Amino acid sequence: MRWNLAPNARGEIRARQVPQGDNSNPIQITFDANGERVSGSSGCNRFTARITEDARGFTLDQLTSTKMACTAQRMELENDFLYELADYRTIVRNGDQLLIIGADREVLSFMQKSYSPK
């Protein structure tokens, strides 16, 4: 939904442009029902990671992704997103919203999607 960059020297928070993905494939995160894995789309490629409980609540490890070719801009965004997932400091759920706060103080905001049975 939104990606806020770390505040600049004047304390201003800037937003990073987040494209909705190639072929309308936005960045998405899905937690499995067992609470053991997370998977999703980084816009071009698919990723998956194992969830391990720890002092922060949980850690995402064994992060892997597919290696499809994307535009240079998309690859940069995707690499930055996967880095944030691998090295986040805090994940907070606030109602329908999930906030991932990175070690670099960048904040990624996700909105929960409603899925209707097909």
Side-chain angles (χ1 to χ4, degrees):
M1 186 173 95
R2 190 174 61 239
W3 188 328
N4 288 340
L5 298 171
N8 63 19
R10 294 186 302 259
E12 300 167 331
I13 297 175
R14 301 154 294 136
R16 180 174 187 169
Q17 185 67 23
V18 180
Q20 288 304 301
D22 300 332
N23 300 319
S24 298
N25 185 19
I27 293 175
Q28 297 177 345
I29 298 176
T30 303
F31 290 84
D32 78 359
N34 299 329
E36 297 175 357
R37 298 211 60 85
V38 62
S39 61
S41 170
S42 47
C44 177
N45 285 288
R46 306 274 314 147
F47 70 89
T48 186
R50 182 178 71 167
I51 300 172
T52 306
E53 291 186 42
D54 67 7
R56 292 190 296 180
F58 63 89
T59 298
L60 302 177
D61 62 5
Q62 298 180 353
L63 182 64
T64 60
S65 69
T66 58
K67 303 292 182 201
M68 295 183 350
C70 308
T71 65
Q73 179 186 15
R74 173 57 69 184
M75 289 305 298
E76 179 183 351
L77 179 72
E78 186 166 85
N79 288 336
D80 290 350
F81 169 69
L82 293 174
Y83 173 80
E84 293 294 331
L85 270 187
D87 195 38
Y88 74 91
R89 287 296 175 251
T90 307
I91 293 181
V92 177
R93 182 174 179 183
N94 182 15
D96 291 2
Q97 201 172 32
L98 181 73
L99 303 174
I100 299 176
I101 303 166
D104 52 8
R105 301 183 355 185
E106 292 189 14
V107 179
L108 287 75
S109 303
F110 293 87
M111 184 63 71
Q112 183 173 345
K113 279 178 81 172
S114 299
Y115 289 100
S116 54
K118 294 181 180 182

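Since this is a predicted model, take the numbers as computed values, not measurements.
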- Minimum heavy-atom separation for C70 to E78, with atom names? SG-OE1, 4.4 Å
- Message: Which heavy atom of Q97 sits nearest to which heavy atom of S109, and what is that distance?
- Response: NE2-CB, 3.9 Å
- Message: Treating R14 as the side-chain partner and A6 as the backbone partner, does any N or O pair qualify as donor plus acceptor under 3.5 Å?
- Response: yes
- Can you see which heavy atom on G102 is nearest to which on E84, and at what distance? CA-OE1, 3.2 Å
- Positive for side chain to side chain contact (heavy atoms under 4.5 Å, CB included) with F110, one of L98, L99, D96: L98
- Task: List the atom of K67, the atom of N45, and the distance in Å for their closest heavy-atom pair.
- Result: N-OD1, 3.3 Å
- In Å and rounded to the nearest 0.5 Å, what is the CG to CD1 distance from L60 to I100? 7.5 Å
- Message: Using the rule that Ile, Leu, Val, Met, Phe, Trp and Tyr join whenever any side-chain heavy atoms are under 4.5 Å apart, tell me whether I51 and I91 fall into a single cluster.
- Response: yes
- Message: Within the structure provided, determine whether L77 and I27 are in side-chain contact (heavy-atom separation under 4.5 Å).
- Response: yes
- Starting at CG of D87, measure out to CG of L82 and round the result to the nearest 0.5 Å. 12.5 Å
- Item | Separation of R46 CZ from T66 OG1 (nearest 0.5 Å) | 8.0 Å
- Ignoring hydrogens and geometry, is there a side-chain-to-backbone donor-acceptor pair from R105 to V107 under 3.5 Å? no
- Task: Kindly indicate whether the side chain of L85, heavy atoms from C-beta on, has any atom under 4.5 Å from the side chain of I29.
- Result: yes
- Item | Nearest-0.5 Å distance, OG1 of residue T64 to CZ of residue F47 | 10.0 Å
- Item | Minimum heavy-atom distance C44-A69, with the two atoms named | SG-O, 3.7 Å
- Task: Could you grab the distance from atom CD of E106 to atom CZ of F81, nearest 0.5 Å is fine?
- Result: 12.5 Å
- If you take all heavy atoms of M75 and M68, which pair is closest and at what distance? SD-O, 4.2 Å
- Message: Under 4.5 Å between side-chain heavy atoms, counting indirect links through other Ile/Leu/Val/Met/Phe/Trp/Tyr residues: same cluster for L63 and L108 or not?
- Response: yes
- With R37, which of T30, D32, T48 fulfils side-chain hydrogen bond (donor to acceptor under 3.5 Å, both in side chains)? T48
- Measure the CG-CD distance between L5 and E12 for me, rounded to the nearest 0.5 Å. 12.5 Å
